[in-house]
Amino acid sequence: RIRSLSFLTIPLESIHLLLKADNQTIQQENDYVIQKDFDGLTLKLLDGKVWCDLTNQTIPVALILYQVILTNIDENINQLEQPVKVAEIISTPSVNANFNDIYESLTTELEITGTGLIGAKRVDLFFNPPLFRFLAYQIKTSLPLQQDSFIVSIRKGYKWRETPGILKLIGIDTGAGPVKLGDGIVIANVVRDNIQSSLFIIATSDEQYLYHDDPILYIKGDGFNPLGNLLRFQNGLIGNGINYTEVESNKTEIILRLTTNSYWRSNVLFLPGFLNLLAVNTNNGFVPVGGENGVSIATIFERPQIITSSVNIYRTTTTQFYIYGSGFPTSITRPKLQFSPNLIEDDYTIQVIDRKTLLIRLSTGKSWRNTPGELYIEAINTKNDLDGWITFQPKALVANVLEDPTEKHVEVFASTLKVYQSDLKQTIDVYGNGFSIGMNIIFEPDIKKGITYNLIIHDPQHLGLELINSMKWSNNNYTTTGLHIISIDGITLGDSEGIHIATILPDPSIYSMNLRVHESQSKIVSILGHGFTNTKDVKIVLSPTNRDAYDVLTVIEGAILLRLNPNNAWLPSYMSLNFAGDDYDPIPLNVTSIDTGAGPIQLTTPITIGFVIKDRSFNPTAIPTGSPVATENPYYKPTNVIAYPTIDPTNTPSINYIETVRPTNLQEYILIDSENPSSVCTQSILTTCALDETSYPTYEESLRCVLTNYNKIGSKCDNLISFILVSLYDSCDMDFNRLCTNSLLDP
């Protein structure tokens, strides 16, 4: 399609186009015909023709419109000021058949091969029986594809099929619309998970602690092949000398050696963690071991490192300081240190702030050194077993110890504490040295003693800031704010920004809404409001929904998206509406608690965000012959105008189109995709956000406008706003660069 309102008044027979793709001319009437529609032209490729011969071409190839001649005006004048790219031509994809057996859920990955896949910037698949992307499966291979194959992984809690049988791919879309694969291509034979075997693996994760680059790993059990075994790990480790080598095996033990520059687990952000073995092939095919996640055969720790530092600390009056590095475990074990000069464990305590930071606190009555001088760490052990000690050569300098000062000394320790503006009326505890009654503290942002807070001196190393009723730590209602101490009694602390003592989170606010939520078919529910932080920290409690029935999918500016977990519903089973009559009452879906990072806030009056209604009645049968391939996400439309080089009527949907274009802004999204473009809600959104035909804000600007003006638009528009949010999320997830460049969606 070529979009231009200028064609509306021009007779079809007067329109003549000159199209080229890499100097190959595509002839009007010979290769394609044109048709007029409501906003431009549709170019339809004729049977047996191609948009471009892609032999020896670099894909994608641009389809360029060089001329538009309107013979009813002047047959000698080109109406285009300059050539325009109207499409990108990519290879037509195909898929190879594969009849290999895979397990219902224990096989977590499936490789799909074919042709015309190289360079694909997105891949959408259409399965029979149906599987839905982002809910049941995901494409694991990085895009754009570098070869004619990719890996599909099944998500936890889902199966390739609910019952054993053939799994087919009936359609594929690599960017130019769905291509129907005839009657479907068999890509796997799905068999049951419950395979019986004499093979078994002993879980040894509670006794085999390894640093992620330790050379030797032991697998214990029975039924191994002394001549060699093939292993399948949950994290995708590959044998045969790529990641590891099997150096020895017998009936009850396998010994693996890690190859150079490989790791038992490479993503250190998730360590310590288990190394799980999923399946073993002793010579008769892979046999799954353990349950869905296999058997945990080791606990893997990041190898710790210490960054040297010459920070000055006082011998006894400095009560804590930080050590920086990496590999400090936040769970399972606690680090052990060997100082030089020696400090025994009673002299200090260790707090792990994160994997890169340790906080060392001096015990009462102790000193960092008996005399001034340098303080070193000779060794560290984060596994807490005998072979876990790592010795540093040379020793790691971590502090320069000074004699205690004779004059007044004030010190404040930085903190990662989070509190709400006013919710929970939280106290801010500050630790340091030299605190005394009557001291004058300057904060940024400015808060006043006796007006905003009351000051309590617990002891010279601990003070408390208590929020006064009806006051707030910060007046910023929409974003987080750092609270810093700039000075105490005229003594400047830290750099120009002072010492950070707390992060002030905005009080979260949730709008009451009237969403229609189908009991189990509504997979995503949106919550609108403000003061939301990020996906990691936000926690929502719904009523009457079971807490394990849903997760926070993502948090964006002004909205939280909740995703229903597999085999769950928004109502507990005893409240199900699916057997109710037609005169049933919808059940309110309420938010009873929210936590955005500073603790759970119990809502004294639950906030209704919608009403749960019965599931729709339908029969999800296979796609009828001659019908278009059903898209998994009805809101999604590709970013670019993209065309396949050839359209085979026997291998494509009956509705042949060469262009599927995503609307460029929210107005087009609403007008094209909403159920009723002329509805009060649609017009309210367009009017409020000043969307006219000549000046369109971007998606991001439009969405911010909608969320900011939610109350003005009206609660009756909840479902349309929710639709916009889900559409935006799906599009962003499939096309990250298009919609997420401005961090609208939380990474």
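None of these values were measured; they are calculated from a predicted model. Counting from 1, the numbers follow the sequence of the chain as shown.
Under the 3.5 Å distance criterion, the side-chain polar atoms of H500 are matched with a main-chain donor or acceptor of A502. Proximity of a side-chain donor or acceptor of K336 to a complementary backbone N or O of T382 within less than 3.5 Å is not detected. Using modelled atom types, one side-chain atom of T204 and one backbone atom of I297 make a donor-acceptor pair closer than 3.5 Å. Without hydrogens or angle criteria, N565 side chain to D548 main chain gives a donor-acceptor distance under 3.5 Å. A donor-acceptor pair is defined here as one N or O able to donate and one able to accept, closer than 3.5 Å; no such pair exists between the side chain of H518 and the backbone of I613. Side-chain N or O atoms of S512 include one that pairs as donor or acceptor with a backbone N or O of T608 at under 3.5 Å. Looking at Q426, its side chain does come within 3.5 Å of a backbone N or O of Y420 through a donor-acceptor pair. Formation of a donor-acceptor pair under 3.5 Å by the T299 side chain with backbone atoms of S205 is found in this model. Distance alone, capped at 3.5 Å, places no donor-acceptor pair between the S422 side chain and the K472 backbone. Looking only at distances, a side-chain donor or acceptor of T533 sits under 3.5 Å from a matching main-chain atom of T596.
There is no side-chain donor-acceptor pair under 3.5 Å between S543 and N590.
For H458, the ring pair (Phe, Tyr, Trp, His ring centres under 6.0 Å) partners two or more places apart in sequence, or in a different chain, are H462. Partners of Y211 by ring pair (Phe, Tyr, Trp, His ring centres under 6.0 Å), not counting sequence neighbours: none found. Applying the side-chain hydrogen bond (donor to acceptor under 3.5 Å, both in side chains) criterion to D354, with sequence neighbours excluded, gives T357. The salt bridge (Lys or Arg N to Asp or Glu O under 4.0 Å) check on R232 picks up nothing, with sequence neighbours excluded. Applying the ring pair (Phe, Tyr, Trp, His ring centres under 6.0 Å) rule to Y209 yields the partners F301; only residues at least two apart in sequence or on another chain are considered.
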Worked check of salt bridge (charged side-chain N to carboxylate O under 4.0 Å, His left out) between R355 and E302: CA-CA 9 Å; R355 59 173 287 268; E302 180 184 1; 2.6 Å; yes
I601 and L424: CA distance, side-chain angles, deciding distance, side-chain contact (heavy atoms from CB on, under 4.5 Å) verdict: CA-CA 7 Å; I601 301 170; L424 304 185; 4.1 Å; yes
Derivation and outcome, side-chain contact (heavy atoms from CB on, under 4.5 Å), residues N546 and N568: CA-CA 9 Å; N546 293 328; N568 279 279; 5.7 Å; no
Test log, rule side-chain contact (heavy atoms from CB on, under 4.5 Å), inputs L143 and F150: CA-CA 9 Å; L143 300 177; F150 54 90; over 6 Å; no
Side chain to side chain donor-acceptor pair (under 3.5 Å) between D537 and N534, intermediate numbers included: CA-CA 6 Å; D537 289 338; N534 58 71; 3.2 Å; yes
Trace of the salt bridge (charged side-chain N to carboxylate O under 4.0 Å, His left out) decision for E104 with R161: CA-CA 6 Å; E104 290 171 315; R161 282 183 57 118; over 6 Å; no
Test ring-ring contact (aromatic ring centres under 6.0 Å, His included) applied to F127 and F132, step by step: CA-CA 8 Å; F127 291 92; F132 297 97; 9.7 Å; no
Worked check of side-chain contact (heavy atoms from CB on, under 4.5 Å) between I560 and I540: CA-CA 9 Å; I560 300 168; I540 292 287; 4.0 Å; yes
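L571 pairs with exactly one of P544, S576, S520 by the side-chain contact (heavy atoms from CB on, under 4.5 Å) rule, that one being P544. When each of N476, N475, N477 is tested with Q421 by the rule side chain to side chain donor-acceptor pair (under 3.5 Å), just one qualifies, namely N477.
L417 CG to T503 OG1: the interatomic distance, rounded to the nearest 0.5 Å, is 8.0 Å. Atom NE2 of H484 is separated from atom CD1 of I501 by 9.0 Å, given to the nearest 0.5 angstrom. If you take OG1 on T452 and CE on M471, they are separated by 4.5 Å, rounding to the nearest 0.5 Å. To the nearest 0.5 Å, the span separating CH2 on W473 from CD1 on I428 amounts to 4.0 Å. Here CG of L167 is found 7.0 Å from CG of L110. Values are rounded to the nearest 0.5 Å.
Using a 4.5 Å heavy-atom cutoff, the side chains of D551 and R563 are not in contact. Considering only heavy atoms from C-beta on, I219 stays 4.5 Å or farther from V295 through its side chain. Residues L564 and I524 are not in side-chain contact: their nearest non-hydrogen atoms beyond the backbone lie 4.5 Å or more apart. Between I594 and I510, the closest side-chain pair of non-hydrogen atoms falls below 4.5 Å. When side chains are defined from C-beta on, S526 counts as touching L515, because their heavy atoms get closer than 4.5 Å. Considering only heavy atoms from C-beta on, S266 stays 4.5 Å or farther from N235 through its side chain. A 4.5 Å side-chain heavy-atom check between V152 and I112 finds at least one atom pair inside the cut-off. Using a 4.5 Å cut-off on side-chain heavy atoms (C-beta onward), P335 and P329 make contact.
K614 and E519 are not joined by a salt bridge, as no carboxylate oxygen comes within less than 4.0 angstrom of a charged side-chain nitrogen.
Among residues at least two apart or in separate chains, there is no ring-ring contact (aromatic ring centres under 6.0 Å, His included) pair with a member in residues 549-574.
Residue Y584 qualifies as enclosed at atom OH: its count of foreign heavy atoms under 6.0 Å is above 12. Atom NZ of K523 is surrounded by more than 12 heavy atoms from other residues, nucleotides or ligands within 6.0 Å.
Considering every non-hydrogen atom in both G531 and P506, the closest pair reads CA-CG, 3.7 Å. I300 approaches L271 most closely through the heavy-atom pair O-CD2, 3.6 Å.
The aromatic rings of H212 and Y263 sit parallel to each other, their planes meeting at less than 30°, with 60° as the upper class boundary.
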